[in-house]
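Below is one structure; the comments refer to it alone.
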Amino acid sequence: MLFLLACHAPFLETRACEDHFSAPGAADCTVPGWDDRDYTVVLPDGYDGSTPVPLVLALHGGGGNRESAARVTCTDGESDASSCLHVQARARGWAVVFPDGVPKWRGSESRSWNAGGGEDGWRCVGGTACEEGSDDVQYFRDLLTDLESRVNVDVTRIVATGLSNGGAMSHRLACDLADQIAAVAPFGGGLQLTTTGTCAPSRSIPILYTHGVDDPCWPYAGGATDCPIGKDLGNFVSAERTLDDWKTVRGCKVDPTEEALPDTKDDGTSTTRLTWEGCGLTHLRVEGGGHTWPSGYQYLGERTIGVVPQDWGNEVLWEFFEEAPGE
């Protein structure tokens, strides 16, 4: 439910895919067996293939693609901005992969993930991927197999994040790909898999779930969307249900501790961190926040997607990922 379309000009300067990468930079590669679903890998500064690198999978929203997934993390939507996830990753020694979901039609820039759900009045976000029943968990297994044949990846430190439909897919990866994923950080998208199926991860991995209370596109309280596009297509899973489902999966019975993050900007937002100690579950509740990436790109007007919080940004994400335990 996130309508992020990339411009026609490539957002990132990329080179051709290589059998074995031995230098930093970005490249476009094809996932074997998945037609028209390529990925862009960005390798960190100083990469020469000799040392395993940790990896972030960054998932676009519904209606977006791998270029929009990169752009939304940048304050001004510029590819070389210091705020961009991939720019910061290069400096921190992390690789980033921006993958493509299922196209709305062949060659379309509008893509989606099958994050589960979609029955009994619940919406399957999103779109064509749900309609086709795409096995996107297998897609990520195949993508990682291909990437690990080309890049020296630290397979114990593969993490995932995404906004909206990409956030919902990140939740699903925590359920169905926990044997390969070390942590997930969904933004503005709930755990919809449990509306029709079971979340039974092979292990418990840390979850940092962020959601804006004033999100008009994926309502914090669930139910019907207020976005201009996509109304009357079923109910969205609420943040409360998402957290309750994760607590049930984890057998978590403790109350959360609450901490206010510094309110440094006069932007009408404030963030509370809720932590369920011993459960591997943290929630960032953004009062006044919209269907947006904190300190990211205002890809549509505030009347459509709400406010981009400015008090914090990718540094919170990095703190979480870098503390996530590897095996």
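Keep in mind it's a predicted model, so treat the numbers as computed, not measured.
To the nearest 0.5 Å, atoms CZ (Arg71) and CG (Asn65) are separated by 9.5 Å. Atom OG of Ser83 is separated from atom CG of Leu85 by 10.0 Å, given to the nearest 0.5 angstrom. With rounding to the nearest 0.5 Å, the separation of CD in Gln138 from CG in Leu177 is 9.5 Å. To the nearest 0.5 Å, atoms SG (Cys84) and CD (Glu78) are separated by 8.5 Å. One distance of note links OG1 of Thr195 with CG of Asp120; it measures 8.0 Å at 0.5 Å rounding. The structure places CG of Leu261 at 6.0 Å from CD of Glu259, a figure rounded to the nearest 0.5 Å.
Judged by distance alone, with hydrogens and angles left aside, the side-chain atoms of Ser108 form a donor-acceptor pair with the main-chain N or O of Ser110 at under 3.5 Å. Distance alone, capped at 3.5 Å, is enough to place a donor-acceptor pair between the Asp267 side chain and the Gln310 backbone. The backbone N or O of Cys217 lies less than 3.5 Å from a partner atom in the side chain of Thr225, making a donor-acceptor pair. No side-chain donor-acceptor contact under 3.5 Å links Ser22 to the backbone of Gly49. A donor-acceptor pair is defined here as one N or O able to donate and one able to accept, closer than 3.5 Å; such a pair exists between the side chain of Ser112 and the backbone of Gly126. Remark: the backbone N or O of Cys279 is paired with a side-chain donor or acceptor of Arg250 at under 3.5 angstrom.
Of all heavy-atom pairs spanning Pro103 and Thr128, the tightest one is O-CG2, 3.6 Å. Between Ala224 and Pro219, the shortest heavy-atom contact is O-CG, 3.2 Å. Taking both residues in full, the closest heavy atoms of Ser170 and Gly162 are given as OG-N, 3.6 Å, listed atom of the first, atom of the second, then distance. When every heavy atom of Gly189 is checked against every heavy atom of Tyr209, the shortest pair comes out as O-CE1, 3.4 Å. When all heavy atoms of Trp246 and Ala174 are compared, the closest pair comes out as CH2-CB, 3.7 Å. The shortest non-hydrogen separation linking Gly222 to Ser238 is N-CB, 3.6 Å.
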Yes or no on side chain to side chain contact (heavy atoms under 4.5 Å, CB included) for Val316 and Phe320, after CA distance, side-chain angles and deciding distance?
CA-CA 6 Å; Val316 173; Phe320 170 69; 5.9 Å; no
Should Phe321 and Arg157 be marked as a side chain to side chain contact (heavy atoms under 4.5 Å, CB included) after you check the CA-CA gap, both sets of side-chain angles, and the distance that decides it?
CA-CA 9 Å; Phe321 282 151; Arg157 300 181 69 198; over 6 Å; no
Would Leu193 and Met169 satisfy side chain to side chain contact (heavy atoms under 4.5 Å, CB included), going step by step from the backbone distance to the final call?
CA-CA 9 Å; Leu193 178 64; Met169 190 65 210; over 6 Å; no
Verify ring pair (Phe, Tyr, Trp, His ring centres under 6.0 Å) between Trp94 and Trp318, making sure each step is shown before the conclusion.
CA-CA 10 Å; Trp94 285 68; Trp318 287 119; 5.5 Å; yes
Between Leu191 and Val237, is a side chain to side chain contact (heavy atoms under 4.5 Å, CB included) present by the stated rule, with each step listed?
CA-CA 7 Å; Leu191 173 59; Val237 173; 5.6 Å; no
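In this structure the side chain of Glu315 never reaches within 4.5 angstrom of the side chain of Ser295, judged on heavy atoms. Between Phe236 and Gln192, every side-chain heavy-atom pair lies at or beyond the 4.5 Å cut-off. Side-chain atoms of Tyr299 and Ser68, non-hydrogen and from C-beta on, never get closer than 4.5 Å to each other. Leu12 places a side-chain heavy atom less than 4.5 Å from the side chain of Val42. In this structure the side chain of Pro309 reaches within 4.5 angstrom of the side chain of Thr292, judged on heavy atoms. Residues Cys74 and Val72 are not in side-chain contact: their nearest non-hydrogen atoms beyond the backbone lie 4.5 Å or more apart. Considering only heavy atoms from C-beta on, Thr14 comes within 4.5 Å of Thr40 through its side chain. Between Asn165 and Trp218, every side-chain heavy-atom pair lies at or beyond the 4.5 Å cut-off.
Donor-acceptor pairing under 3.5 Å is lacking for the side chains of Trp122 and Thr196. A donor atom on one side chain and an acceptor atom on the other are found under 3.5 Å apart for Trp293 and Asn314. Inspection of the Tyr47 and Asn152 side chains reveals no N or O donor paired with an N or O acceptor under 3.5 Å. Judged by distance alone, the side chains of Asp38 and Thr30 do bring a donor and an acceptor atom under 3.5 Å apart. A donor-acceptor pair shorter than 3.5 Å cannot be found between the side chains of Trp276 and His283. Between Gln180 and Arg141, the side chains place a donor N or O and an acceptor N or O closer than 3.5 Å (distance only, hydrogens not considered). A donor-acceptor contact closer than 3.5 angstrom links the side chains of Thr194 and Asp245.
Residues His291 and Phe187 place their aromatic rings such that the two centres sit no closer than 6.0 Å. Within the 6.0 Å centre-distance limit, the rings of Trp113 and His60 are counted as a close aromatic pair.
Hydrophobic clustering, with ILVMFWY side chains joined whenever heavy atoms are under 4.5 angstrom apart, groups Leu55 together with Val31. No single ILVMFWY cluster, assembled from side-chain heavy atoms under 4.5 Å apart, contains both Leu208 and Leu274. Leu59 and Val159 are assigned to two separate hydrophobic clusters, defined by single-linkage of ILVMFWY side chains at heavy-atom distances under 4.5 Å. Cluster annotation: Leu43 and Val97 are assigned to the same hydrophobic cluster (Ile/Leu/Val/Met/Phe/Trp/Tyr, side-chain heavy-atom contacts under 4.5 Å, transitive). Transitive grouping of hydrophobic side chains (ILVMFWY, heavy atoms separated by less than 4.5 Å) brings Val53 and Leu143 into a common cluster.
A side chain to side chain contact (heavy atoms under 4.5 Å, CB included) with Trp312 holds for exactly one of Thr264, Leu284, Asp263; it is Leu284. When Asn114, Val102, Asp136 are each tested for a side chain to side chain contact (heavy atoms under 4.5 Å, CB included) with Cys130, only one passes: Asn114.
Classification of Arg92 and Glu322 as a salt-bridged pair holds, one side-chain N sitting under 4.0 Å from a carboxylate O. Ion pairing between Arg150 and Glu148 fails under the 4.0 Å rule for side-chain N and carboxylate O. The existence of a salt bridge linking Arg111 and Asp100 is confirmed by a sub-4.0 Å separation between a basic side-chain nitrogen and an acidic carboxylate oxygen. Of the charged side-chain nitrogens involved, at least one lies within less than 4.0 Å of a carboxylate oxygen, so that Lys247 and Asp244 count as a salt-bridged pair.
Using a 4.5 Å cut-off between side-chain heavy atoms of Ile, Leu, Val, Met, Phe, Trp and Tyr, Val213 falls into a hydrophobic cluster with Tyr220.
At least one test fails for Arg66 against the ring of Tyr39: distance under 6.0 Å to the centre or angle within 45° of the axis.
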